[in-house]
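A quick write-up on the structure given underneath.
In what follows, every chain begins at residue 1, and chains take the letters A, B, ... in the order their sequences are listed.
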Amino acid sequence: MLEVEHLAVSFGTLRVLDDVSLAIPPGQAVGIVGPNGAGKSTLINAVSGTGQVSRGTVRLAGRDVTHTSAARRCRWGIGRSHQIPRPFGDLSVFENVLVAAERGAGLRGRDAAAQALRSLEATGLLSAANTMAGAVPLLGRKRLELARALATSPQLLLLDEIAGGLTEGEADELVSTVLSLKQAGVTIMWIEHVVKALVQVVDRLVCLAFGRIVADGSPEEVLASREVAEVYLGGALA
Amino acid sequence: MTIRSAVVTPGEDLRRPEISRGGRAAAAGPAGAILVLLLMACLPYLVEPGLTSELVTLCYLVTLASMWNLLAGYAGMVSIGQQAYIGLGAYALFLANDHGLDVYTGTIVVSAVVALVAWPLSYLAFRLRGGYFAVGTWVIAEVVRLVVVRFDSLGGAGGRGLAAVTEDPLLRRAFTYWLALGVMAAAVLGTYLVLRSRLGLDLQAIRDDETAANSVGVDVTRGKRVIYVLAAAGCAAAGAVICVDGLGVASPGQIFGVQYSALMIFMVVIGGIGTVEGPVIGALVYFLLDKYFAQSGVWYLVIVGAAAIAVSLYLPRGLWGTLDRRSGLAIFPVARRVHGHQGTARPETRT
Ligand SMILES: Nc1ncnc2c1ncn2[C@@H]1O[C@H](COP(=O)(O)OP(=O)(O)OP(=O)(O)O)[C@@H](O)[C@H]1O
Ligand SMILES: [Mg+2]
């Protein structure tokens, strides 16, 4: 589904990603962990087309999309959430999701509206449909990020820290939402510090540190690995 | 495709969504606006020609403000070079007129032609971002002016009068007024219709967050280009109206003057950027300020400046933007409201 090869991203002299290669087969759910500033969000930006790439290639379903616009990548099946929510503040929650259904999924009229409402229902935002997105509190904004990504009918879903700050019950709900997406065949790449939620969903865990992949394997393996323990200076993760 | 339908399990009742266009006024607003326009259309039969002549100015001010609002308020393009298209509209009208077209049909033809010119120019302008874009549009306007003054048939560096106009002055004034009114109606109602469309939702998303718009699949550049071209056409129509109203142009420096951009910015900021109604209000405010204080010399500028400063300090959303926020009022309702599904939902997010 997704192949990232020798990806490097630099901001000026700061090298944020350095030779990252990662292949995700269709239907797989991959968790990404790593300390702050490791380059996780930068990786998502490179894959979704929001951020630039200094070197390397990004392929989606075999197609080189390294120089393809974010909008087109979205229409080709990449949906994403933003770590810092980016709502369309002067549009209603419903309209936020509707535009994603119309453009990302290419739906029209009632189909688009129905898709938008389903995405709101799946993320528990239906009752806020007519609220101005700018007036929605942070947790709601994070849900809106997920709802918008869902409305684009993604085949590859990129999630960037959507579980932080949730109560136990809310986290469980989120996990079951993401699990049902996985069961529907969506390929998932999920950055999350809340490892407890993450491991309930992912088949595979990748640890990124200082712009490089330091561990990649089954969640148990990776969490137990010496590399990860070193990165987290002995146990912040466990 | 199989993924598409399976992504979220549809609740039965979500298959037939009921959506309406919001705002309390709903249908009453646009209907009222059309009524006002119809009443205005009757004015030449009812009032002194002096008044309708003044209203010609108001009409093209509203047109210009609406176009700048589309550019800056919806597509984030702060242009200070719309005078390129105002001037082109006026000068293209000379050409149309010279080829035997009357100035009224000419105006329509001219805005279409200028739209065709704006299309390739957008590729040039879009290479620039932010402040560079603004300056770039101004440079384009200057270049267009320099090209136009090279044609002696168009009056060169001097002004030019329209050759063929309606003879009877009374009839001409009425026609000019109807032309200006028609152009204004097209600009305002056109803006409204664009905003209600799918493209309009894209534009509002772009206005709020360009990056996010891109990541939900909105073709940001395409949306901007369409708006750039529409705004050029609208400004060209306004330019043609100015030309018809003045029976020609006083000088290329005037019709290609950057003062039009300053004016547009003023009107839109005062009225409320990013709303359909705002530019209309802003144009009205400027029109009245100009009517009652233009004689006061330096004080005129002080008053206009003070108004701009006061609004941007105390009402950053402009007059209409503030009102609209507080009261939920909308003459031109664009927002969509969902009905009937609130009850079925899970509890809303807590703070
Ligand atoms: N646009 C940018 N310009 C300059 N530096 C940037 C930019 N974006 C990110 N960085 C830097 O790149 C590094 C990696 O950022 P990134 O957001 O990818 O980290 P992250 O792994 O997502 O961290 P976190 O867990 O805190 O979200 C950080 O040091 C950050 O300051
Ligand atoms: Mg991050």
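- Contacts of A:R108 with chain B are made by both backbone and side-chain atoms, with heavy-atom separations under 4.5 Å.
- In terms of heavy-atom pairs under 4.5 angstrom with chain B, the leader among A:L98, A:L120, A:I78 is A:L98.
- The nearest pair of heavy atoms linking A:N130 to B:R337 is OD1-CA, 3.4 Å.
- More than 12 heavy atoms of other residues, nucleotides or ligands sit less than 6.0 Å from atom CG of A:L179.
- Listed here is the closest heavy atom pair of A:A71 and B:V218: CB-O, 3.2 Å.
- Here CZ of B:R317 is found 4.5 Å from CG of A:D90. Values are rounded to the nearest 0.5 Å.
- One finds the OG atom of A:S69 at 6.5 Å from the CG atom of B:D219 (value rounded to the nearest 0.5 Å).
- Closest non-hydrogen pair, B:A212 versus A:H82, comes out as CA-CE1, 4.1 Å.
- In this structure, the side chain of A:E95 engages the main chain of B:R336 through a donor-acceptor pair within 3.5 Å.
- Atoms CZ and CZ, on A:F88 and B:R207 in that order, are 10.5 Å from each other to the nearest 0.5 Å.
- Note that CG of A:L91 and CD of B:Q204 are 5.0 Å apart. Values are rounded to the nearest 0.5 Å.
- Neither the backbone nor the side chain of A:P85 comes within less than 4.5 Å of any heavy atom of chain B.
- Of the listed residues (A:A70, A:S48, A:G79, A:P87), the greatest number of heavy-atom pairs within a distance under 4.5 Å of chain B belongs to A:A70.
- A salt bridge is defined here as a Lys NZ or Arg NE, NH1 or NH2 lying under 4.0 Å from an Asp or Glu carboxylate O, and B:D202 with A:R103 meets this definition.
- For A:L157, no part lies near chain B; criterion is any non-hydrogen pair under 4.5 Å.
- Nearest heavy atoms, B:G217 versus A:C74: N-SG, 3.5 Å.
- Distance check: A:R148 CZ to B:S215 OG gives 6.5 Å after rounding to the nearest 0.5 Å.
- Using a 4.5 Å cut-off between heavy atoms, A:S92 touches chain B through its side chain atoms alone.
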